[in-house]
Asker: 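Have a look at the structure that comes next, please.
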Amino acid sequence: MKPVLSLKNKPLIIGSALLMAVALGTFILQLAGGHPQRAWQAYLINFLVWSAIAQGGLLFSALMHLVKARWTGRLSSLAEAFAAFFPLSFLLFLGLFIGREHIFPWLHEDLHGKEIWLNVPFLFARDFAGLLLLYGLGFGYLYHALTPKLRPGETDSGIRGFFTRRRQAPENTPERWQQRKTVFGLLYIIAFALVLSLIGFDLVMSMDPHWVSTLFGAYTFVKAFYIGLGGLIILAAVMRLTQGEASGLSSSQFHDLGKLFFAFCLVWGDFFYVQLVVIWYGNIPEESSYVIERVMRMPWQPLAWAVFTVAFIIPFVLLINKNIKTRPVFMIVLCALIIVGIWLEHLLLIGPAFAHHGAAAIPVGLSDALITLGFMSLMILALAYFMDLFPEIAMAQAPETT
Amino acid sequence: MNRRTFLKTAGVGSVSVAAGCTSQPEKTIYALVQAPDDTVTGKALWYASTCRECPAGCGVLARSREGRVVKVEGNPLHPINQGRLCMRGQAALQAIYHPERLDTPQLKENGEWRALSWPAAEGLLQEKTRAAAGAGAGRVRVLTEVIGESLTALFGEALDQWQSPPPLVFEPFAYEALKTANRMAFGVDGLVSYHLDQADLLVCLGADFLETWLSPVEYARQFKAMHALQANRKGFFAHIAPCQSLTAANADLWLACHPASEGAVALGLIRKALESGRGQSLPAPLRVSLTTASAPYTPEKVAHLADIPADAFDRLAARLLAAKAPLVLGTATAGSGAADVAANLAANLLNRVLDPELTRIDFAHRHRVETAAPRAEVLDFFKRLSPDTTDVLLLNNVNPVFALPGAGIAEGLGQPGLFVVSTSNFMDETTLLADLVLPVRMPLEGWDEYGGKRALISGLQPAMGSLTAAPGLGDVILRAAFGADPPFPDYQGYLQARLSAQGIVDGERQWVEFLQRGGRFDLPAAPARAPLPAEVPIAFEPVPVAAASLVLVAAPSIRFFDGRGANRPWLCEIPDPLTKVAWQTPLLAHPDTLASHALRHADVVAVRSAHGTLEAPVYETVGVRPGVLAMAIGQGHSAYGRYAQDEGVNPLGLLPPEADAVSGGPVFAAGDVLLTPTGRQMPLAHTDGSRIQHGRKIALTTPLQAAAHDDAHPPKAGLTMADFPLTLPLPEGYDPKRDAYPPHDHADYRWSMVVDLDRCIGCGACSAACYAENNIGVVGAQRILEGREMAWLRIERYLDPQDERKVIFLPMMCQHCDNAPCEAVCPVYAPHHSKEGLNNQIYNRCIGTRFCSQNCPYKVRRFNWFTWQWPRPLNLQLNPDVTARSKGVMEKCSFCIQRIKAAHGTAKNENRGIRDGEIQPACLQTCPTGALSFGNLMDSQSRVRQMVMDRRAYQVMGYLNTKPAVIYLRKVVQEI
Amino acid sequence: MSELTYATIDQTILQTLEKPRPGYWLIVAVLAGGILLGAACWLYQIFVGIGVGGQNNPVAWGIYLVNFVFWVGIAHSGTLISAILHLFRAGWRNPIARAAETMTVFAVLTAGLFPFVHLGRVWAVYYMLPYPNQRTLWPNFQSPLMFDVVAISTYLTVSSLFWYTGMLPDLATVRDRATGLRKKIFTLISLGWTGKHEQWRHYTRGYLFFAALATPLVISVHSVVSWDFALGVVPGWHTTIFAPYFVAGAIHSGLAMVLTLMIPLRRIFNYEKIITVAVLENVAKTIILTGMIVGFAYATEFFIAWYSFNTIEIEVFRYRMFGDYRVGFWIMVVCNTLIPLLFFSKKIRTSIGWLFGLSLLINVGMWFERFVIIITSVARDFIPHAWGLYAPTAIEFGIMIGSFCLFFFLFLLFVKHLPSVSMAEIKETLHEGAPHAG
Amino acid sequence: MPAERYVMGLFSDENQAAAVAADLPKTPWKLQRVHSPIPSQRLAHALKVKKSKVGWFTLAGGIIGFFAGFLLAIFTAMRWELMVSGKPVVSLVPFFIVGFEFTILFAVFGNVIGLITQTNLPDFGDFKHYDARCSGTHFGILATCAEDGQAELEAYFRQQGGEVRVFEA
């Protein structure tokens, strides 16, 4: 049976290519058409969302490995596939530099000394370093996680060749691999927390340079893991649907994954409320005005409710039920919905600042949708490439003994 | 008289007549079985009287409930204080209710005190005086504090009976130097008064007229009349003295000159003035002598002598010459040495040069304290005091043993054969040495008359039933002198007759009016002053200052005056305005001085002068110049009751006991003082956590230009502490962009207070009024060290970190926020927002979680860590309208809600709304400078509403969105 | 664990219930004395006034609330271990779950005392209860302290029920092995449990729900505790990270306390085979995690304080590091964030001595964390004129000692009179293989 | 009808017990119940026990609690409508916390009630056909048979590798 998620899958490739073309077109059109703000807003949000999915996806594997979870089985391998988006994510980050003029509302504001931290060179320097570190460690982990699973073939070359050759190297005893894998996994998790906090502060929170929330960093990486799991579930569900029993993905695995997903849905909701209640109760305009603009005033108020409904209330109500968690089709829809919700949540956080607090209506529309689809196809292609490179991952195999 | 005052004093006539003549009020103190006609239980009566806590003689209204006075406020009709009162005046109550007040006469028999009945005591006095009179002339002597003319006259007549000379008036602060200077420069042998309010520039050679000088409440009012921002202008005020008194702290420029070099500065100014062609109209001889005398005092010389920056002196001179109505004041209350004579003389002459007509000096209303005898005379009196010349010595409410240590007073009084009678109500150092103590009625209990100034007379009447069976001093003297058949049945009769004889009070009706109004303030002024002397004997010898040696300056305290206030708990508890130290007497020293002696703040040092030693903790401050040490007079009593005894130290013991040759006055400074560390530390009971604001927007200033000129558009509003706008505690104060909560309305009234920092001088009278009105507990030094002081209203004193000599005062009380953080966190609604915007605190509901206090950004909430005690009969002073709190509950400023409630009642009865200004919280009522205003923000016409429109208006920590109802107006600063 | 059988398990655990040695009673007596001391101090405070403590203006909250937060924190890991790890099917929690739950119950009890001790008028404490009354005066449910009342009482109820329910099968086991009075008592409290499959069927389900409910509860409870501070406006208190940060901190301290309690327990009761080093090692690993979270929270707070450019915030955090209470601050940093990192070393986290010593240090560190948070913030808040210092008095320490005695007193009684390890659950894990495979 | 005999087979091994439990229904003897010292998945599987209904009690409790908490907070706030800190008298943001805690509390109560009602505990009258070993080391399978079948039943248990205990009827 031939895998769906593969570069050899013509319809998929053509479709993705088309979407990307359209997206690029829209983006350029907007840049030219006098809405560079909007274009870059969409770009930034998509960069954040899709990178988060990739980073969160890999985190699943690392985390499960560290806690010695025994139920994950193939899910870990699938999670590792998301690392394929890392290079793209990194390039996309560099792309932000082009749009810096439109991306940082504080550029021409008096920051009362905050310039020390909020200035473009330093910001890009530290985030560059941060992402480099994060992805470096990610690949380090991937390398140790992946290599043992590979079945060496004579035609191996390139990356795969390197992987398999290393696999045969005598000094690389399984224990050694495990040990290294653990170390890299741990480092990746730590980097995940730190770097995503940094990204959250720099690319989201500081859009309103006078607003602070200490939880924002944690909120960012919890969110990332939340949608990372979402992405993973979708991927797994696709595998399950296309490969059936052969996918080696049991419904109990979906159940457990669903429970984890549910748990992080709650954590996200908790972090959302935890910030809201403290700021609402404190009633200090320096911080409350940020929330007021987004949650209590037009045009943003409806969006806030939409986000909370889509990203929390709906999944909360549905995921209590056990069976739903084990229904691939349903989970694909739900997770997609949640990812959209989180996309809108980014818009809610960033939008007002981008519109310089003067938006008459919520600045979102077809263009954003098209651009988003473009990014999605990027992700799809990355995954497809990875699957082709490592068919061991693309297809089910004898359950590993981690 | 305005309506309010009439309401207050109505009915005084009848009851006081009743109290005075027939009915015995003391019967009606505790059980109101037969109340005087106009006494209604639960309704306060107001009696006009006169404050006798210092010679200034302010008029007071005593608030009496069920026959006992619970509060003393200024009499609005009285020209001296115009309704205001300093903290000492308010603390007079605590003398009356003092737990150690003597209630019966005491006779000392071989060292033991024995209680005597009044008839017995008076009999003894009669017998002794008669015997003395029989033994020859001049064998009965009287030493008294400054007293009214009537009592003086009575003393005179009595002493005639005893063939003895009239009484000798003793005041520790008798202004000898000023009197001498006045005699020389004005040809007036006395103490003229001044019209500060008419000046546009004040130069002050140390006169601490905001604390004790002549008539502080009056001069504080006048000072702010010229120095507060009005019509975009404010007068200038320069202070020249080695130490920063509260007065100096309020000056635009303080020149910390060498001790005793003030005269040189004044002469320098005279020179400048003459150079600039002033004083042409002066009599030629005077002008010539002035020119020659001031010739050597070039700016350089002055700068050198006084050790002050030359440019500052030049700027001062320029201002002085530019001023239209300058006024120069002399040296401090405790400035009476030779150098002070020079300084005062120079000041007077400078006044003559600048304003030959002396339009701002009032020769008609001279201060009564001028009747006090010079120190030299007093010392001489005691030197001569001996059984050979004197049999009976009557001491009327004076404490020379404390005030004149080292002058051998104790020995003098202790002489066998000399029968010493004291009329004091307390066992102070002097009374302890007496043979007979007659604790006569206190001012608020008896009849008398006192004119703080000439051409006005101010009455005293029983505002309460006497706590003791004591007669008034006058009655005692009458009976003692005239035995069985006194010319008058009692002193009240004597008083009334005398006043009507003088045509001051004619007939019963005028008498009642006299009592109601508190006196006659419109007496014909004395004849215009005699022509000013054309020649003035000028002999200036500025005292050379030995730079090496330390000089100790003893200054009278705004809290204790000459020490008589030291036994009033409130005065001990309310911290010193500048050091913020309560209960203790620290030694103020400049950082350099401390460094050169390897001392640190709060180290205990032994201070040794040629005349004595004492030990005290040092207080590091730039408020004294290097080489100078300062200490407040008043504490360090060896007797005088639990609150005074062994609290603090008495610097007087370090001073030369003998009077100065030139002025005949004492010298309140000692040179060649030695400091030796004891190695001990003494934690200072200070109430301030930090002396500076740490860059926070709390007590704000604005330069005159900014305040004056409206052209500058208001700064852009933001969300940070720096740029947060003024948000009124009204619906319009809410902005949906900023406020998560919807605005809320109030029922007709939204009470609010406006504090004009430009008017606040930091005197602390408001704090005292708050203690008195709201039954606030007194906790003592130890508790203050633990951080448990209870003041609902505190004066925050902040220094400018750039120049710590720049001081700003900020009265801080509950801000009655519209969004008060304290409220929501209480689990039982003990604090909540009232319909009229008040932040109510329900004591009965409070369970003491103290979360409200933790969450109050202003830290104005006070917790009852214990059940505070009011030793009997201090508890009689408690205000019946206010709950006395017990341990475990939170309390705080209520905007005097009892007064608001009362106003509601009155308004309802007359079915009308509460008028603007009708409600006066205690603090506002007593503020000598009118820095506080209270009213309804919802009334667009109200005073407060008008004031908050001022561009100086701001809220402390407004950026927290608490929307305080206490709105401050920035202090206006200017450079000289 | 292979040599463990049902019989040996029962035998090991039941022998802990045999007649204690006099030494035991001596310790119990000493602890009882400590409790009396604390009670005496409290009585004295009630009669004289709260002022016998060191609190003042501005620092109106002292170590009473420090201890309150400390003990609530201790409580949390119990629920974490018994509930959350149960949901994650981490078998290694079974041997320590019972003792941890017990710790929870007693710690909440102890913590619950402090709000009372802290009150200025404890005799009016019932104002906080929502009881119908003539004047229709009710508590203010907007107050964080009311959240406390609700949360803590819920937590106490739930954790006690959870604890008891979990113990039911074991009580039956004891009943069946006991004689005389003890048999009567255990017959009564085991409610006639016979382990028939009908009972098990509902029991397992119910127990699962218990766990599922206890998990969000435990998180909410310490969030609520954190909001006693975070909902205020005080700099250093008012910060959004507090809720998760307190939860992590609570578990951090709780796990440390678990080690502190378990290590002597396994030594004295010869639990070495049941509470294996591997189990303790897992606890240590979890401590590394919580330690990191706590460290992350500290760092974020300081960064944001600086980033906010709010002078007041900055001053508070500067003051924490270099001010009058800096010692406490550095103890907190070292003990809570650096020391746990030592557990990265296998040698250390498998050495009983190290585990015990470090766990004690972490407990100390967490106590100081609460001290630093509560005291330094109000000691230096908005109005410099009102700044002040706080120092606990003997009375406060007396009550604190009392609270520690109370906790250990109860725990000591527990271990000798109830099965301190869940027999049923251990037996369960026998089949699933090594209990430490999570 | 002939008197029934209660016979219990005691197995120290879970799997044996499970096998027997699964096998008994095929025999003439009547399986009464199985006592086990642990919650055994295998047994449950063998006995094909249905899912417990305790959850419904829990859910009901939770829902009741949620509204109880919210309504209590709102009701009490409405009594005097005292305004604190300028917050709305009825402010749901903080009241949510009360609602949440009550949800948990009542859900747990519901859970406990569910347990009590479903398991019919406490029940002290049930030890007649109970063996103490069942709470410690053994799985006890209680079956009933007619008097005549007793011997065979005992034999059956023995042959399945268990000990036998016979109870007096």
Side-chain angles (χ1 to χ4, degrees), chain C residues 5-7 10 130 136-144 146-147 150-151 153-154 157-158 161-162 165 168-169 172-177 187-188 191-207 209-210 213-214 216-217 220-221 223-224 227 231 423-425 427-428 431, chain D residues 12 14 21 33-40 43-44 47 49-55 58 62 69 72-73 75-77 79-80 82 84-85 87 91 94-95 97-98 100-102 104-105 107-109 111-112 114-115 118-119 121-127 130 132-138 142:
Chain C
T5 68
Y6 286 12
D10 285 353
T136 69
L137 293 174
W138 296 88
N140 168 16
F141 281 104
Q142 284 193 23
S143 164
M146 280 314 294
F147 304 159
V150 182
S153 47
T154 304
T157 320
V158 173
L161 287 170
F162 193 26
T165 315
L168 206 47
T173 315
V174 179
R175 172 200 64 202
D176 293 341
R177 310 279 176 289
T187 312
L188 191 67
L191 306 178
W193 175 272
T194 58
K196 55 184 164 180
H197 64 274
E198 268 302 294
Q199 290 174 338
W200 278 121
R201 173 182 145 217
H202 302 295
Y203 178 87
T204 44
R205 196 82 186 140
Y207 194 78
F209 289 129
F210 256 122
L213 290 166
L217 175 63
S220 79
V221 168
S223 302
V224 164
W227 289 332
L231 293 193
M423 298 178 254
E425 282 177 337
K427 291 172 190 168
E428 233 179 314
H431 302 275
Chain D
S12 56
E14 187 183 8
R33 61 178 96 99
V34 181
H35 294 278
S36 63
I38 61 161
S40 159
L43 269 174
L47 295 162
V49 295
K50 293 185 304 308
K51 206 168 120 190
S52 160
K53 294 202 169 34
V54 174
T58 321
L72 176 66
F75 168 78
T76 53
R79 298 320 291 158
W80 285 100
L82 292 173
V84 289
S85 300
K87 295 175 170 54
S91 28
F95 287 177
I97 298 166
V98 183
F100 177 86
E101 299 298 341
F102 272 72
I104 301 287
L105 183 61
V108 165
F109 286 153
N111 198 33
V112 171
L115 276 174
Q118 297 294 303
T119 57
L121 288 176
D123 163 15
F124 299 111
D126 200 25
F127 298 118
Y130 171 72
R133 281 169 288 175
C134 296
S135 64
T137 51
H138 287 68
L142 184 69

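Lettering follows sequence order; numbering is per chain, from 1.
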Asker: Side chain, backbone, both or neither: which part of Leu161(C) has a non-hydrogen atom closer than 4.5 Å to chain D?
Answerer: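 For Leu161(C), the contact with chain D is made by the side chain alone.
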Asker: Pro37(D) and Tyr6(C): which non-hydrogen atoms are nearest, and at how many Å?
Answerer: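 Looks like CG-CE2, 4.0 Å.
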Asker: Is Val174(C) close to chain D through its backbone or its side chain, or both, or neither, when contacts mean heavy atoms under 4.5 Å?
Answerer: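 No part of Val174(C) comes within 4.5 Å of chain D.
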Asker: Give the minimum heavy-atom separation between Ile97(D) and Trp227(C), together with the two atoms involved.
Answerer: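 Taking every non-hydrogen atom into account, CD1-CZ3, 3.5 Å.
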Asker: Please classify the contact of Pro216(C) with chain D as side chain, backbone, both or neither, using a heavy-atom distance under 4.5 Å.
Answerer: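 Contact with chain D: backbone and side chain both.
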Asker: Which bit of Trp193(C) is near chain D, if near means a heavy-atom gap under 4.5 Å: side chain, backbone, both or neither?
Answerer: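 Both backbone and side chain.
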Asker: At a heavy-atom separation under 4.5 Å, does Ala73(D) approach chain C through its side chain, its backbone, both, or neither?
Answerer: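 Interface part for Ala73(D): both.
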Asker: Among the options Pro122(D), Gly69(D), Gly114(D), Ser52(D), pick out the one with the most heavy-atom pairs lying under 4.5 Å from chain C.
Answerer: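 Sorted descending by pairs with chain C, the first entry is Ser52(D).
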Asker: So, using ring-ring contact (aromatic ring centres under 6.0 Å, His included) as the criterion, who are the partners of Phe124(D) when residues are at least two apart?
Answerer: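 For Phe124(D), no residue satisfies ring-ring contact (aromatic ring centres under 6.0 Å, His included) once neighbours in sequence are set aside.
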Asker: Let me know if Thr157(C) has heavy atoms under 4.5 Å from chain D in its side chain, its backbone, both or neither.
Answerer: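 The answer is the side chain of Thr157(C).
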Asker: Heavy-atom cut-off 4.5 Å, strictly under: side chain, backbone, both or neither for Thr165(C) against chain D?
Answerer: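 For Thr165(C), side-chain heavy atoms alone lie under 4.5 Å from chain D.
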Asker: Please find the pair of heavy atoms, one from Val54(D) and one from Gly206(C), that lie closest to each other, and give the distance.
Answerer: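 What the structure gives for the nearest pair is CG1-CA, 4.1 Å.
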